[in-house]
Amino acid sequence: MDMEKLVALCKRRGFIFQSSEIYGGINGFWDYGPLGVELKKNIKDAWWQDMVRNPPPGPDGQEIQMVGVDCSIIMNPKVWVASGHAAGFQDPMVACTKEGCKKLFRADKVWLVTIWPRGTVTNRAEVENQRAKPTIAAAARSTTVAVQLDEGSVIAQAEGAVRAYGQKNNVIAFKNYTVDGGSESAFASQGIFFRARGREHVAEAERYDFDCVLEPLVGASYASGVKPCPICHTAAALTEPRAFNLMFESHAGAIQSEENKVYLRPETAQGIFVNFKNVLDSTRLKLPFGIAQIGKAFRNEINPRNYTFRSREFEQMEIEFFCHPDESMKWYEYWRDVRKAWYVKLGIKSDKLRPREQGREELAHYSIGTTDIEYLFPFSSEPQELEGVAHRGDYDLTQHMKHSGKDLTYFEEELWAKADKSIYGGDKKKEQEAKSKLPYRYVPHVIEPSAGADRFTLAVLCEAYCEDQAPDEKGVLQDRVVMKFHPRLAPIKAAILPLVNKEGMPEIAQKLYRELKQHWNVFYDDGGAIGRRYRRQDEIGTPWCFTIDGQTLVDQTVTLRDRDTLKQERLPIAEVAAEMRRRLQT
RNA sequence: GCGGGUGUAGCACAGUGGUAGUGCAGCGGCUUCCCAAGCCGCCUACGUGGGUUCGAUUCCCAUCACCCGCUCCA
């Protein structure tokens, strides 16, 4: 499918417009037109109905408890400190200044490996000494290479870098390394000293060991003369790290000062977390239960691309499902499966839908497990994320407890009521202690299915776009463009068409139109040839057309014309609404 | 943010240093008993801002937007 054709259709028929188009547009922002807003609203309504009001039964066949909230976009800035966004959104970037390379990197993903001749340094302290007062011989023979850590262990990356260095310097057979300074996690933040063994291909064929230091670029105690590019390996090519703040800022109050700086939320989830206690206290809900929210979120993407896929303003459909720690994996699997099934149910072909369990190394720091539900969009050869179902553990609630000082733990009243308290022998202190921890009191774990409303809308548009052939009035096959939306999502459910504009047909058609529009978004059209009107409806994905013709005047029946099959059948005009209802439910 | 490309009507395309056409779509009418038919009429554009020039849609510069690649997407 050709993305450009879809984009043209969306504009021509009023699904999606560029924001502020008459002023030349604005990068990363889009508007939904009359048909687009109906489509997106149907998607959000379907989600709310299927996830909040009527979610599928739980893992043990039980009813699922779900409620909704609608939180403000601007929140107390401390929320973003607690959530980690205030810091985490400041991804410092470094760029290579070398002409022809000019690559851009996240500074925290660039690490430096310094390789020294054997015996120059034997531990981290000596590394610092060498940097402070390098001996000529050591400085001449040491070298620093940069590596980009994307996946795998950092040690493995460093090993690769040393191996590459060895090859470049005709050192054969990198053999092994020994780590000095503890576990990987210990050095993940501060670097590590280690030794690598290899054989240098020199005239005397001397055996050779390297002393190596691996450390992050950010904070590395390096002279500016180092910092090579991880791609082109040009020395001293990287710029200083520059902050890219991905949160939109504004000010609450007319005066623009640091004190009243606020942020547009980069996700709707935090509104749910900070209202966890409110919901618990106001609803009589007991764990497990979920809180859902649909709303706008904002991210100052460095480079919006691919139509509406990566917009700076977008809408999320998020659930935070709170449960007992011991049951969290069960619920994680439940939501992962429920969410995937939902997309299939609404017409996304299974072969373009890819649930993908994230590897350990790409998980966010707080997540125990995440499944990305991805869709193979026409604009990319790689599937792109529609939704992430994340097991966030107790990270968020714990963070908000720390930063707000409020108790967000959950107490199992019923379990405590049923518990045998005789084991405490009437010791109130022991009882209190037992009540304060598992299994009675705990910080709930959270499963977060977070879906992009605009991304799914785009996927639905891509999935619906079809070019096929339909016969014209002479029976010759003509190209036809048809949007095969699931009827539940179709912006217009049915068109009501008088076959000709006379003999009382428009009157009958309008009466039917007035009846149907009480229930659905339907469309009345008496303009032009019938074939043209059918094709127009095909192009905007209207599943059914009801046509009032000569026979209607005789026996009160109309034709129902199907968008996908082009088949026509007659049914009594009095049964049209019931037939639509029946078809929408299946 | 970097490199490359593009920008004429709602869409797809012509064209020119002397201010622009075509097809489709849209609108109004006639005609039409089932799949973009026909006839008549109508509407709509040189992305924006500078510069050069007697005159710029055309040449130059900047800017904005879109597309491709890199990068990013917590």
Side-chain angles (χ1 to χ4, degrees), chain A residues 3-5 7-14 17-29 33 80 83-91 93-106 108-109 148 231 239 242 244-247 266-267 299-307 309-312 314 362-367 379-380 384-385 388 390 452 455 469-482 497-503 505 527-539 545 547-553 558-559 561-563 566-568:
Chain A
M3 205 61 199
E4 283 184 27
K5 286 185 182 174
V7 173
L9 186 149
C10 284
K11 182 176 184 187
R12 180 157 41 90
R13 291 305 191 187
F17 307 122
Q18 198 181 4
S19 172
S20 325
E21 190 184 328
I22 63 170
Y23 289 102
I26 177 168
N27 195 350
F29 299 90
W80 308 114
S83 68
H85 291 86
F89 250 121
Q90 312 240 358
D91 288 336
M93 310 291 290
V94 291
C96 177
T97 53
K98 168 89 172 167
E99 204 58 47
C101 178
K102 294 276 185 186
K103 296 287 189 294
L104 187 70
F105 311 93
R106 252 174 68 176
D108 62 329
K109 296 220 168 179
Q148 211 185 158
I231 300 291
T239 61
R242 288 174 291 184
F244 284 66
N245 192 340
L246 299 187
M247 275 200 291
E267 64 174 28
R299 294 181 195 180
N300 215 345
E301 299 286 355
I302 293 171
N303 190 358
R305 203 60 82 78
N306 289 330
Y307 204 25
F309 183 80
R310 180 164 298 132
S311 300
R312 288 178 167 146
F314 56 99
E362 63 179 319
L363 288 178
H365 56 286
Y366 49 76
S367 184
F379 54 71
S380 170
Q384 304 286 327
E385 182 181 345
R455 289 183 172 189
Q469 295 199 310
D472 66 12
E473 60 167 2
K474 298 185 186 76
V476 181
L477 285 176
Q478 302 287 341
D479 290 337
R480 178 177 81 133
V481 172
V482 51
L497 316 169
L499 186 59
V500 291
N501 237 340
K502 58 184 183 185
E503 294 169 28
M505 291 179 201
I530 191 68
R532 174 179 299 274
R533 284 181 275 166
Y534 284 152
R535 293 295 174 85
R536 274 199 287 245
Q537 295 305 318
D538 290 340
E539 206 176 39
C545 292
T547 305
I548 283 73
D549 59 12
Q551 202 177 328
T552 311
L553 307 174
V558 297
T559 62
R561 181 263 193 187
D562 184 89
R563 175 193 70 198
L566 303 178
K567 296 249 171 62
Q568 294 190 19

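Each chain gets a letter, A, B and so on, in the order the sequences are listed, and its residues count up from 1.
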Heavy atoms under 4.0 Å, any strand shown: does [X] hit a base, just sugar-phosphate, or nothing?
X	answer
A/Gly452	nothing
A/Arg480	nothing
A/Tyr307	sugar-phosphate
A/Gln18	sugar-phosphate
A/Asp549	base
A/Met3	nothing

Can you tell me the Watson-Crick or wobble partner of [N], both distances under 3.5 angstrom?
N	result
B/rA45	none
B/rA36	none
B/rG10	B/rC24

Checklist entry - A/Asn501 side chain N/O closer than 4.0 Å to the phosphate oxygens (OP1, OP2) of B/rU32? => result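 So the side chain of A/Asn501 is outside the cut-off, no N or O lying under 4.0 Å from OP1 or OP2 of B/rU32.
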Checklist entry - Counting only side-chain N and O atoms of A/Arg299, is one of them less than 4.0 Å from OP1 or OP2 of B/rC72? => result no
Next on the checklist: Checking the side chain of A/Arg563 only, and the main-chain atoms of A/Glu539 only, is there a donor and an acceptor separated by less than 3.5 Å?
Outcome noted: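 Side chain of A/Arg563 to backbone of A/Glu539, a donor-acceptor pair under 3.5 Å: no, none is there.
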Any idea which of [options] is nearest the [X] side chain?
X	options	value
A/Arg310	B/rG10, B/rC72, B/rC35	B/rC72
A/Ala8	B/rC11, B/rA25, B/rC34	B/rC11
A/Ala529	B/rG10, B/rC33, B/rA37	B/rA37
A/Arg455	B/rC35, B/rC73, B/rA25	B/rC73
A/Arg535	B/rC35, B/rC33, B/rC66	B/rC35
A/Arg532	B/rA36, B/rC33, B/rC35	B/rA36
A/Arg536	B/rG10, B/rC33, B/rG26	B/rG26
A/Gln568	B/rC35, B/rC33, B/rA65	B/rC35

Checklist outcome for this item: When A/Leu566 and A/Glu21 are each assigned the nearest nucleotide of RNA chain B, the 5'-most assignment goes to A/Glu21
Checklist entry - Mapping A/Pro304 and A/Asp562 to their closest nucleotides on RNA chain B, which lands nearer the 5' end? => result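 The residue closer to the strand's 5' end, by nearest nucleotide, is A/Asp562.
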Next on the checklist: For the residue pair A/Arg455 and A/Phe314, would you count it as a cation-pi contact if the rule is NZ or CZ under 6.0 angstrom from the ring centre and within 45 degrees of the ring axis?
Outcome noted: no
Checklist entry - Is there a side-chain contact (heavy atoms from CB on, under 4.5 Å) between A/Lys11 and A/Glu21 once you walk through the steps? => result CA-CA 11 Å; A/Lys11 182 176 184 187; A/Glu21 190 184 328; 3.0 Å; yes
Can you check the distance between [N] and [M], where both ends of the measurement are the [atom1] atom (answer in whole Å)?
N	M	atom1	value
B/rU22	B/rC61	P	34 Å
B/rG55	B/rC42	C1'	32 Å
B/rC54	B/rA12	P	38 Å
B/rC43	B/rC27	P	16 Å
B/rG4	B/rA9	C1'	29 Å
B/rA65	B/rG49	C1'	15 Å

Next on the checklist: Other residues, nucleotides and ligands only: do more than 12 of their heavy atoms fall within 6.0 Å of CD on A/Glu4?
Outcome noted: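 Not buried by this count: 12 neighbours or fewer within 6.0 Å.
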Checklist entry - Could you state the CZ-C1' distance from A/Phe29 to B/rC66, rounded to the nearest angstrom? => result 16 Å
Item to check | Centroid-centroid under 6.0 Å between A/Tyr307 and A/Phe379 rings | outcome: no
Next on the checklist: Once hydrogens and angles are ignored, does a donor-acceptor distance under 3.5 Å link the base of B/rC64 to the side chain of A/Tyr23?
Outcome noted: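 Donor-acceptor pair under 3.5 Å: no.
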Next on the checklist: Ignoring hydrogens and geometry beyond distance, is the side chain of A/Arg305 in donor-acceptor contact with the base of B/rC67 at under 3.5 Å?
Outcome noted: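 In this structure, the two groups form no donor-acceptor pair.
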Checklist entry - How many angstroms lie between SG in A/Cys10 and CD in A/Gln18, if you round to the nearest 0.5 Å? => result 13.5 Å
Item to check | Short N-O contact, A/Arg561 and A/Asp538, less than 4.0 angstrom | outcome: yes
